[in-house]
**Q** 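So that we are looking at the same thing, I have put the structure below in structure tokens.
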Number of protein chains: 2
Amino acid sequence: MRFKPAAASAGMNGSGMSKSNNVYKDAYNRCLRLLDETRSLPSEPELGALLGVSRTTVRSILARMEETGLIAWNKRAKTVLRDPRPDDFFPEEETDTLAEIIERSFMRRLLAGGAEAGMQINELELAREIGVGTTSVREFLIRFSRFGLIEKRRNSHWVLKGFTRAFALELTEIREMFELRSAAAFAALPQDSAVWGDLDRLEGEHRVLAHEIATRFNEFSELDERFHRLIHRASHNRFIVDFYDVIAMIFHYHYQWNKAQERERNEVAIGEHLTYIEALKSRDLGKVDSACRKHLKSARQTLLTSIPESRPSQKA
Amino acid sequence: MRFKPAAASAGMNGSGMSKSNNVYKDAYNRCLRLLDETRSLPSEPELGALLGVSRTTVRSILARMEETGLIAWNKRAKTVLRDPRPDDFFPEEETDTLAEIIERSFMRRLLAGGAEAGMQINELELAREIGVGTTSVREFLIRFSRFGLIEKRRNSHWVLKGFTRAFALELTEIREMFELRSAAAFAALPQDSAVWGDLDRLEGEHRVLAHEIATRFNEFSELDERFHRLIHRASHNRFIVDFYDVIAMIFHYHYQWNKAQERERNEVAIGEHLTYIEALKSRDLGKVDSACRKHLKSARQTLLTSIPESRPSQKA
DNA sequence: TTAATGTCTTTTATCGTGAAAAAACAGTTT
DNA sequence: AAACTGTTTTTTCACGATAAAAGACATTAA
């Protein structure tokens, strides 16, 4: 009845650590990559905007870069002294958000089998095993609950609803409703809207990928997400746009999970996308509808075949 | 730019209180009401199931009832000694969940005007003013974010998106999509499904309320919610069912906010519901569709007229 | 006098802690 | 034995505290 039957995992923080400095480390790594391109760095506010962090963090980065001899820093003058070496970078795993760590850990368990619908999810146990505080786990579960895979019992534990066939069907039902509507809205957008340029660019990327599909087929999932998000955005409805987070999340793990015929599946999908894009550009609602329907149908099929049929679920 | 420009409110807990015992107090009050009906109480597990709390809480309740001379308690024998007096009850405000307290406080501010779209929401400030810890506020904001009224900036503050006309339109767009589909699913349910009985009972309640509308018009909102939830449940789709939480939440506060022509509006709505119910019972999809559309249209209208038109919102 | 840097303050993110409540276990009564 | 009561252990909920990160303010350079 427990979510986790055995096994162990290790969080690496020993004593009362309050907050990891992953924002700093991640921004530092990204800043290193910037170093390759220029001989001197811009002003602190500019750098902050570029990296998406505050000036406080920028200054920590600059301070360390000075220490390690990467730059000479005197007020406005930030001269690059040498190219960054591999060991200048912080290790990848130290740049992750706690939320990302928890999500990965949680999903690994959920997909690793033995996670039956109806199981209890224990906050404390999860926290201990991932090696984080209970608060972070609680917050993760609350955020995660909108994906419809878990549910809270009033002042008690969480219950796993399971990544079942029913779930996939409910998800795709909404997806199809939303995307059909968004696609129609997209086709009705005025000619001078910026989306047509975006669409052209995406079409180009699709064509390139189609050409090099043999070696780059695994790059499709990222392109897929960008394409569908562009379409959903045309709905101008926050609930539709936000719902794509659910789909993206499921497909993200689904892609990692189900590698069978990945190349073939992606090749087919690219073809469907191109037809879909042509339909949108034609602004013919009938064509859009049928191209969209066709693609969504095969996407649903792909998702469904990757879900092992479990015994009949007993619903409350 | 701040969410709260002035004013002050008082949380009443002084020192480091860990967790209020509102579960106990609320269950205790409900148990008092039970006392009126019987001469002796059932077993502890049974009582727990009845009140929806654990045996631990049941025993605390029984212990206090014994102390205050309400019952004589010896193992299985729990004899009622006297009727509960008004001062036996815990005060209403002590039975609320922290989440409820925070939500009320937050919504009061949001609707009290001066809450412009784009304002920052400060966790610490909110927590201080409501008189609760920051964790509870954070968790509330995360849960609340699914209503689409606030949005988080990555490791920074929350931003208020505002209860605007655009919000209402986006909300009702989804609502109409979902309810139309649910209503069709409802009408297609087999004759022996339990929902038809539920529908008959709701129809009865509608007729009674229609008759006594002059005095009981304010009881409509609760009936409205039960009716629409019954329909949405027919979709058998968790995302559709869960979305009704968003609608219910908005309408809950909307009813409190907009009292203009409440009686008339509710009277009209009851009429529309009755037509809608007839349509469902006829199982004629055309009729269902048009009755549903008509009702949703007027519901949208009601919501829209209650939102003051603000200056054109500047979107990012 | 604008836009940067240097400094100080506030807020967010996360933890450990402790009381409330649930759940598990053990012992009784029917 | 089945279902209850008594007792103990676990888990959830909520808080204050603290480091990281953001933000505000003061100062200085172009």
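A note on names: the letters A, B, ... follow the listed sequences, proteins ahead of strands, and every chain is numbered from 1.
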**Q** Heavy atoms under 4.0 Å, any strand shown: does Ser20(A) hit a base, just sugar-phosphate, or nothing?
**A** sugar-phosphate
**Q** Given 3.5 Å as the limit, does a donor-acceptor pair link the side chain of Ser60(A) with the main chain of Thr56(A), or not?
**A** yes
**Q** Name the one of Phe106(B), Trp158(B), Phe147(B) that satisfies ring pair (Phe, Tyr, Trp, His ring centres under 6.0 Å) with Phe140(B)?
**A** Phe106(B)
**Q** Which residue lies toward the 5' end of DNA chain D, Asn21(A) or Thr135(A), if each is placed at its nearest nucleotide?
**A** Thr135(A)
**Q** Can you tell me if the side-chain N/O atoms of Lys152(A) get under 4.0 Å from OP1 or OP2 in dC13(D)?
**A** yes
**Q** Going through the distances and angles, do Arg104(B) and Glu100(B) end up as a salt bridge (charged side-chain N to carboxylate O under 4.0 Å, His left out)?
**A** CA-CA 6 Å; Arg104(B) 252 204 309 281; Glu100(B) 289 168 346; 5.4 Å; no
**Q** Taking atom types as modelled, find out whether Tyr253(B) and Glu103(B) have a side-chain donor-acceptor pair closer than 3.5 angstrom.
**A** yes
**Q** Is Asn155(B) close enough to dA22(D) that one of its side-chain N or O atoms is under 4.0 Å from OP1 or OP2 there?
**A** yes
**Q** Starting at CD of Glu46(A) and ending at C1' of dT5(C), how long is that distance when rounded to a whole Å?
**A** 14 Å
**Q** Please work out if Lys78(B) contacts a base, only the sugar-phosphate, or nothing of the nucleic acid, heavy-atom cut-off 4.0 Å.
**A** sugar-phosphate
**Q** Please determine if a side-chain N or O atom of Asn22(A) lies less than 4.0 Å away from the OP1 or OP2 oxygen of dA13(C).
**A** no
**Q** Can you check whether Ser18(A) has a side-chain N or O nearer than 4.0 Å to OP1 or OP2 of dA19(D)?
**A** no
**Q** Looking only at side-chain N and O atoms, does Arg138(B) come under 4.0 Å of OP1 or OP2 in dA13(C)?
**A** yes
**Q** Please write out the pairs of protein N or O atoms and N or O atoms of nucleotides 28-30 of chain C separated by less than 3.5 Å, giving the distance to one decimal.
**A**
residue: dT29(C); atom: OP1; partner: Lys75(B); partner atom: NZ; Å: 3.4

**Q** I'd like to know if Lys25(A) pairs up with Asp88(A) as an ion pair, taking the criterion as any Lys NZ or Arg NE/NH1/NH2 lying under 4.0 Å from an Asp or Glu carboxylate oxygen.
**A** no
**Q** Quick one: does any side-chain atom of Asn22(B) pair with a main-chain N or O of Glu94(B) as donor and acceptor, under 3.5 Å?
**A** no
**Q** Whole-Å distance between dA21(D) P and Tyr24(A) OH?
**A** 9 Å
**Q** Residues from residues 87-94 of chain A sitting under 4.0 Å of DNA chain C, heavy atoms only?
**A** none
**Q** Salt bridge or not for Arg39(A) and Asp83(A), using N-O below 4.0 Å?
**A** yes
**Q** Choosing from dT12(D), dT5(D), dT11(C), which nucleotide comes nearest the side chain of His157(A)?
**A** dT12(D)
**Q** On DNA chain C, check which nucleotide each of Val53(B) and Trp158(B) is closest to and give me the residue with the more 5' one.
**A** Trp158(B)
**Q** If the threshold is 4.0 Å, N to carboxylate O, is there a salt bridge linking Glu129(A) and Arg109(A)?
**A** yes
**Q** Leu141(B) has an atom CG; how far is it from atom C1' of dT12(C), in whole Å?
**A** 12 Å
**Q** Given atom NZ of Lys19(B) and atom C1' of dA20(C), what is their separation to the nearest angstrom?
**A** 4 Å
**Q** Is the distance from OP1 or OP2 of dA22(C) to the nearest side-chain N or O of Thr57(B) less than 4.0 Å?
**A** yes
**Q** Using a strict cut-off of less than 4.0 Å between a Lys/Arg side-chain nitrogen and an Asp/Glu carboxylate oxygen, indicate whether Arg229(B) and Glu225(B) qualify as a salt bridge.
**A** yes
**Q** Please determine whether the number of non-hydrogen atoms from other residues, nucleotides or ligands lying under 6.0 Å from atom CZ of Arg33(B) exceeds 12.
**A** yes
**Q** Rounded to whole angstrom units, what separation is found between the CD atom of Glu139(A) and the P atom of dT12(D)?
**A** 15 Å
**Q** Under 4.0 Å between a side-chain N or O of Arg128(B) and OP1 or OP2 of dT11(C)?
**A** yes
**Q** Is the charged tip of Arg64(A) near the ring of Tyr28(A): under 6.0 Å from the six-membered ring centre and within 45° of its axis?
**A** yes
**Q** Does a side-chain N or O of Asn122(A) approach OP1 or OP2 of dT12(D) to a distance below 4.0 Å, or not?
**A** yes
**Q** How sharply is the helix from dT1(C)-dA30(D) to dT30(C)-dA1(D) bent, taking the axes over five pairs at either end and rounding to 10 degrees?
**A** 30°
**Q** Is Asp242(A) salt-bridged to Arg146(B), cutoff N-O under 4.0 Å?
**A** no
**Q** Select from Ser136(B) and Glu44(B) the residue whose nearest nucleotide in DNA chain D is closer to the 5' end of that strand.
**A** Glu44(B)
**Q** Would one find a side-chain N or O of Arg59(B) under 4.0 angstrom from OP1 or OP2 of dG6(D)?
**A** yes
**Q** Once you round it to whole Å, what is the distance between P of dC13(D) and CD of Glu100(B)?
**A** 14 Å
**Q** Please work out if Thr56(B) contacts a base, only the sugar-phosphate, or nothing of the nucleic acid, heavy-atom cut-off 4.0 Å.
**A** base
**Q** Need one value for Ser43(B): base, sugar-phosphate or nothing, where a base atom within 4.0 Å counts as base even if backbone is also close, heavy atoms only.
**A** sugar-phosphate
**Q** In whole angstrom, give the distance that lies between atom CG of Leu124(B) and atom P of dA24(D).
**A** 14 Å
**Q** Verify, without hydrogens or angle tests, whether Asn122(A) (side chain) and Glu125(A) (backbone) share a donor-acceptor contact under 3.5 angstrom.
**A** yes
**Q** Using the side chain to side chain contact (heavy atoms under 4.5 Å, CB included) definition, which of the options Thr68(B), Asn29(B), Leu35(B) pairs with Pro84(B)?
**A** Leu35(B)
**Q** For Asp26(B) and dA22(C), give me the distance from atom CG to atom C1', rounded to whole Å.
**A** 17 Å
